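Count residues from 1 along the sequence. Owing to the predicted nature of the structure, the values given are computational and were not obtained by experimental measurement.
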Amino acid sequence: MKTFSTKIIVTALVVAAISSCTTVPITGRKQFNTVSDAEVNQSAATSYSQLLSSPQTVVVRTGTDAQRVKLIGARLSSAIEKYLNTNGYSNQYNFNWEFNLIQSKEVNAWCMPGGKVAVYSGILPVTQNDAGLATVLAHEIGHAVAHHSAERISQQMVAQGVGGILGASTTGGTATAINQLYGIGGGLVLLSYSRNQESEADRLGLTFMAMAGYDPHEALNFWNRMMTASKNGGGTPEFLSDHPSDQKRITDIQARLPEAMKYYTK
């Protein structure tokens, strides 16, 4: 009986692995996800809404900086949607884009699944210009396009054992994992990505900003400014906490520029 049960579990895992394999646009990397976009996006939208409505959150809704965040975000999202639709990825995504500027000294920005983006005002002195802000937004959107959140949740479920995987849709396993990662109902807990995921987001971000008409070479200027700000500030900003080392990032970006420039038109 035990052997028969084991075979059933193994078979179920194989089926799940085959049916849950997706491909990251541009990089072509195969990834294993056990959670659906609908689940992740819904939970992310709830968390995002709670953050914006929290008394502790000051959303900047007027002024030049707030408009820049929205305009550059719209330009990027339009270019990305066009690329996804043209290259057969439209059925893998259901973005409901939102771009908001939050008043905070934090040097940070992020994009939740489904296109929920926040930029903290503390990062604006480092972005300095439209291309710098586009670098940040494109990088963070890269995480969402690459399904990095769902991938992290799936890895967590695998680590918790077979029961977590097989019971995801019937016992609330997926929802529990999402709530833990994003702190839904108890304040926002930013999700950390692996260094490989950060590097992949850099690659996607370079291409996305090029698609939107921003020179990807400007990414080098931004990351050099971020490196300087980090050293002068005496600590590592949240935006860099899990990112590759400064020199590796610069080297990798330089190597990826020819690929990104294929998509660049002024």
Side-chain angles (χ1 to χ4, degrees), residues 41 43-81 95-145 148-149 182-184 187-193 198 201-202 204-206 208-209 211-216 218-219 221-230 232-233 235-243:
N41 290 357
S43 293
T46 299
S47 185
Y48 188 76
S49 178
Q50 288 178 346
L51 174 71
L52 297 184
S53 61
S54 169
Q56 286 74 44
T57 302
V58 179
V59 181
V60 183
R61 302 189 184 280
T62 60
T64 303
D65 288 336
Q67 290 304 308
R68 285 177 61 238
V69 168
K70 291 185 181 298
L71 289 173
I72 295 172
R75 187 167 162 179
L76 283 165
S77 60
S78 177
I80 292 168
E81 291 276 7
F95 287 109
N96 184 14
W97 300 95
E98 288 188 61
F99 296 87
N100 282 288
L101 176 64
I102 295 175
Q103 186 66 45
S104 172
K105 293 182 179 179
E106 273 193 60
V107 180
N108 201 15
W110 41 260
C111 177
M112 284 184 165
K116 305 302 184 184
V117 181
V119 176
Y120 291 70
S121 58
I123 204 172
L124 296 182
V126 187
T127 60
Q128 290 189 2
N129 52 46
D130 287 0
L133 185 53
T135 300
V136 171
L137 291 175
H139 169 89
E140 294 305 319
I141 290 172
H143 283 303
V145 171
H148 285 163
S149 297
Y182 287 99
I184 295 175
L188 183 68
V189 177
L190 295 180
L191 175 64
S192 297
Y193 296 108
E198 289 293 345
D202 277 346
L204 290 172
L206 281 176
F208 291 157
M209 66 184 294
M211 289 176 182
Y214 298 100
D215 187 349
E218 289 295 325
N221 296 328
F222 166 76
W223 289 114
N224 277 316
R225 291 196 298 270
M226 180 62 77
M227 179 172 57
T228 301
S230 177
N232 293 341
T236 301
E238 182 66 38
F239 189 70
L240 293 175
S241 60
D242 294 294
H243 289 216

Spacing of N41 atom CG and T46 atom OG1 [to the nearest 0.5 Å]: 10.5 Å

Step-by-step side-chain contact (heavy atoms from CB on, under 4.5 Å) determination, T127 to V119: CA-CA 11 Å; T127 60; V119 176; over 6 Å; no

Listed partners of S54 passing side-chain contact (heavy atoms from CB on, under 4.5 Å), at least two apart: Q56, T57

Salt bridge (charged side-chain N to carboxylate O under 4.0 Å, His left out): pairs with one or both residues in residues 113-127, sequence neighbours excluded: E98-K116

Backbone N/O of A74 and side chain of S77: donor-acceptor pair under 3.5 Å: yes

Nearest atoms (heavy-atom pairs only) where G73 meets L137: N-CD1, 4.0 Å

Approximate separation, where rounding is to 0.5 Å, of L133 CG and L71 CG: 10.5 Å

Heavy-atom donor-acceptor pair, S104 side chain to S121 backbone, under 3.5 Å: no

Non-neighbouring partners of A79 that pass side-chain contact (heavy atoms from CB on, under 4.5 Å), sequence neighbours left out: M211, A212

Distance, nearest 0.5 Å, that separates CG of L206 from CG of D215: 10.5 Å

Set of residues satisfying side-chain contact (heavy atoms from CB on, under 4.5 Å) with respect to D130, sequence neighbours excluded: R68, I72, Y214

Test side-chain contact (heavy atoms from CB on, under 4.5 Å) applied to Y120 and V107, step by step: CA-CA 6 Å; Y120 291 70; V107 180; over 6 Å; no

Under 3.5 Å donor-acceptor, Y48 side chain and V117 backbone: yes

Polar side chain donor-acceptor pair, H139 to E198, under 3.5 angstrom: yes

Intermediate values then yes/no, side-chain contact (heavy atoms from CB on, under 4.5 Å), L101 and R61: CA-CA 7 Å; L101 176 64; R61 302 189 184 280; over 6 Å; no

Which atom of E140 lies closest to which atom of C111, heavy atoms considered: O-CB, 3.3 Å

Non-hydrogen atoms of A201 and H143 that approach each other most closely: CB-CE1, 3.5 Å

Residue list, ring pair (Phe, Tyr, Trp, His ring centres under 6.0 Å) with F99, at least two apart or on another chain: W97

Criterion side-chain contact (heavy atoms from CB on, under 4.5 Å) on V136 and V126, from CA distance to verdict: CA-CA 10 Å; V136 171; V126 187; over 6 Å; no

Distance-minimising heavy-atom pair for I141 and I80: CG2-CD1, 3.5 Å

Partners passing side-chain contact (heavy atoms from CB on, under 4.5 Å) against Q128 (at least two apart in sequence or in another chain): R225

Pairwise side-chain contact, F95 with V145, heavy-atom cut-off 4.5 Å (strictly under): yes

